[in-house]
Amino acid sequence: MVKHALIVIIILAFGHVSVGQNETRPKTFFKGNKMGCTLNGNEIIPPLYDTIFDFDKTNTICMACNEMKKGNSKFIKIQVKAFECKYLNKSNQALFIKHTDKDSTDLFAIHKNTIKQYQSGANHFVASVGSKKYLVSKSFQLVTPAPFNEIYFTQCQNLFITETKTQNSAILLGLINTENKLIVPSEYSKIKVNDRDSLIIACSSQSKINGEDDVYNYQGKKVHSFKRHIENATKKYIIYHIFEPNEYFIILDRKSNEEKPVNGQNMVYLKDDLFALKTDGDWFYFDVVKNTKTPFDTKKDKKPDTNE
C-alpha cells in the first residue's frame, strides 16, 4: 500500500508541475465557425476569423483572415476564394500601414510565399498591400515607408534585395538593410550575397548596355568592378564566368592580381581555397592553390546549391 501511495504522490506531483508550466505558443480554437487564439487558457484573439494561420517561430505574430468571395467573370459565375488578413500580435494589436497620404490599412493580401515567410524565425516580414510590398519588423515597425514591387530575403538576415519595375516594365534590383539604408543602388539585374565574406555581387548584364558587374561590401562601398560577368567574390578571389567563344571560368587572386583559367560549366565557392566545380556533367572539389580536382563521392557528398 505504501508503494502504491508513493506512486500516486509522484504522479500527482508531476501532474501539478505540468499544469503549472506556462504555454509559450498560442493555440487556435473554434467558437461556432469562427477561429480565435488562447494562451495559457486565456483568450488573446477573439473568435472573429474564418482562418488563423499559426504564430511564427518566435511566437510573436500570426495572420488572421476572413474569406471574401468574388466572381472572376461577369459572364461565368465562378466563385474565387480571396482573403483579407490582419497581422496580429499576442496582445491582439494589428499592424497598420499608411500607404497613401490620407489612407492607412490593417488588411493585407496573401501571396504564394506569404505564410511561409512570416512564420519563419526571421525578425522581419514582407506585408503586401495590393501589388506593393513593405518590409516590417515583427514588432510592427515599418522599415520601408515607400513600397517596392518585391522584397527578397538574403543569406544575411539584415540585408534585403528590392525589386523595382520601371515604366518600361524593366525590373531593377537593389539592396537595403534593416534601417532602410541603400547599400546597393537599384540598377542591377541580379544580386547575391556571400555572407561568409560579407560581400555583395551585383550583375548588370541585362540592365545596362555595356555595364559593369560590381562587388560591394556591407557598408555599400564598391570594392571591385569589371566588364566581365562576376560569378562570385570572396575575400581572396574574384570568379569571372566567360561564355564566348567557349564557356569557362577565370579566377582572379585579389592579392597577387594573377588570373587562372578553369574549364567548367558551374563553380560554387565552398571555403578558403576550395570550390565545387562542375565539368562535363560531373562535380569535383577544386583547390585553387594546389590546382587539383578531386571527384565528389556521390554517396557522401551533397551536390552544392547552385542557386546561392
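Computed from a prediction, not measured in an experiment: that's the story for all the values here.
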Could I get the full list of side-chain contact (heavy atoms from CB on, under 4.5 Å) partners for Asp280, not counting sequence neighbours?
Gln265

Does Cys203 offer a backbone N or O that forms a donor-acceptor pair with the side chain of Ser189 under 3.5 Å?
yes

Linking I/L/V/M/F/W/Y whenever their side-chain heavy atoms sit closer than 4.5 Å, directly or via other members, would Val126 and Ile97 fall into one cluster?
no

Under 3.5 Å: donor-acceptor pair, side chain of Lys31, backbone of Gly36:
no

For the cysteine pair Cys62/Cys37, does the gap between the two SG atoms stay under 2.5 Å?
no

To the closest 0.5 Å, what do you measure between CD1 (Ile201) and CD1 (Ile230)?
8.0 Å

Please check if the side chain of Lys235 supplies one atom and the backbone of Arg254 the other of a donor-acceptor pair under 3.5 Å.
no

Flag yes if more than 12 heavy atoms outside Lys227 fall under 6.0 Å of its NZ atom; otherwise flag no.
yes

Heavy atoms, side chains only, cut-off 4.5 Å: are Ser137 and His124 in contact?
yes

Of all the heavy-atom pairs spanning Thr178 and Val143, show the shortest one and how long it is.
O-CG1, 3.4 Å

For the CG atom of Asp287 and the OG1 atom of Thr294, what is their distance to the nearest 0.5 Å?
8.0 Å

Determine which pairs satisfy salt bridge (charged side-chain N to carboxylate O under 4.0 Å, His left out) with at least one residue from residues 260-271, sequence neighbours left out, and list them in order.
none

Has the side chain of Asp272 got a donor or acceptor atom that lies under 3.5 Å from a matching backbone atom of Leu274?
no

Are Leu182 and Leu135 co-members of a hydrophobic cluster defined by side-chain heavy atoms under 4.5 Å apart?
yes

Side-chain contact, heavy-atom cut-off 4.5 Å: Lys181 with Ile183?
yes

Scan for salt bridge (charged side-chain N to carboxylate O under 4.0 Å, His left out) pairs involving residues 106-118, sequence neighbours excluded, and state none if there are none.
Lys86-Asp106

Between atom CG of Asp197 and atom OH of Tyr218, what is the distance when rounded to the nearest 0.5 Å?
9.0 Å

Let's go through Asp50 and Lys34 carefully: what are the C-alpha distance in whole Å and the side-chain angles of both, what is the deciding distance for salt bridge (charged side-chain N to carboxylate O under 4.0 Å, His left out) to 0.1 Å, and is it a yes or a no?
CA-CA 5 Å; Asp50 294 327; Lys34 294 293 184 179; 2.6 Å; yes

What is the minimum heavy-atom distance between Ala64 and Leu88, and which atoms define it?
CB-CD1, 3.7 Å

Within a strict 4.5 Å, meaning less than it, do heavy atoms of the Ile110 and Phe53 side chains meet?
yes

Shortest non-hydrogen contact from Leu175 toward Ile161:
CD1-CG1, 4.0 Å

Is there a salt bridge (charged side-chain N to carboxylate O under 4.0 Å, His left out) between Arg228 and Glu259 once you walk through the steps?
CA-CA 13 Å; Arg228 293 170 178 162; Glu259 294 185 349; 2.8 Å; yes

For Asp213 and Ser204, indicate whether the former's side chain and the latter's backbone hold a donor-acceptor pair under 3.5 Å.
yes

Considering all heavy atoms, the nearest Gly41-Glu23 contact
N-OE1, 4.2 Å

Applying side-chain contact (heavy atoms from CB on, under 4.5 Å), run through Val288 and Lys236 and close with a yes or a no.
CA-CA 11 Å; Val288 179; Lys236 298 174 68 174; over 6 Å; no

Contact list for residues 112-174, test disulfide (SG to SG under 2.5 Å), sequence neighbours left out:
none

Do you see a donor-acceptor pair shorter than 3.5 Å between the side chains of Tyr188 and Asp214?
yes

Where the side chain of Asn89 meets the backbone of Ser91, is there a donor-acceptor pair that is under 3.5 Å apart?
yes

What closest approach, in Å, do Tyr49 and Asn66 show between heavy atoms, and which atom pair accounts for it?
CA-OD1, 3.2 Å

Interatomic distance, Ile115 atom CD1 to Asp54 atom CG [nearest 0.5 angstrom]:
10.0 Å

Please determine whether side-chain contact (heavy atoms from CB on, under 4.5 Å) holds for the pair Phe55 and Leu39, giving the CA-CA distance in whole Å, both sets of side-chain angles, and the decisive distance to 0.1 Å.
CA-CA 12 Å; Phe55 273 75; Leu39 183 62; over 6 Å; no

Count I, L, V, M, F, W, Y as connected when their side-chain heavy atoms are under 4.5 Å apart, and connections chain through other members. Are Leu252 and Ile242 then in the same cluster?
yes

Qualifying residue, where the test is ring pair (Phe, Tyr, Trp, His ring centres under 6.0 Å) with Tyr269 and the options are Phe275, Phe286, Phe249:
Phe275

Pairs involving residues 134-143, ordered by first then second residue, that meet salt bridge (charged side-chain N to carboxylate O under 4.0 Å, His left out) (sequence neighbours left out)
Asp56-Lys138

Rounded to the nearest 0.5 Å, the CG atom of Leu107 sits from the CD atom of Glu84 at a distance of 5.0 Å

Using the six-membered ring wherever Trp is involved, compare the ring planes of Phe153 and Phe160 and label them parallel, tilted or perpendicular (cut-offs 30° and 60°).
perpendicular

Which atoms form the tightest heavy-atom contact between Pro145 and Asn180, and what is the distance?
CD-ND2, 3.8 Å

Tell me every residue that passes side-chain contact (heavy atoms from CB on, under 4.5 Å) with Asn263, counting only those two or more places apart in sequence or in another chain.
Tyr248

Could you please spell out the steps behind the side-chain contact (heavy atoms from CB on, under 4.5 Å) verdict for Thr154 and Asp195?
CA-CA 9 Å; Thr154 72; Asp195 193 38; over 6 Å; no

State the CZ-NZ distance between Phe148 and Lys132, to the nearest 0.5 angstrom.
10.5 Å

side-chain contact (heavy atoms from CB on, under 4.5 Å) between Met267 and Ile251, intermediate numbers included:
CA-CA 10 Å; Met267 179 174 281; Ile251 301 178; 4.0 Å; yes

Does the side chain of Val129 come within less than 4.5 Å of Pro147's, by heavy atoms?
no

Given the rule that I, L, V, M, F, W and Y join up when any side-chain heavy atoms are under 4.5 Å apart, are Leu142 and Phe96 in one cluster?
no

Any side-chain to backbone donor/acceptor pair from Asn194 onto Ala233? Under 3.5 Å, distance only.
yes

Dump the intermediate steps for side-chain hydrogen bond (donor to acceptor under 3.5 Å, both in side chains) on Tyr237 and Asp273, then the final yes or no.
CA-CA 9 Å; Tyr237 303 106; Asp273 304 308; 2.7 Å; yes

Checking ring pair (Phe, Tyr, Trp, His ring centres under 6.0 Å) against Tyr87, which of Tyr134, Phe125, Phe140 comes through?
Phe125

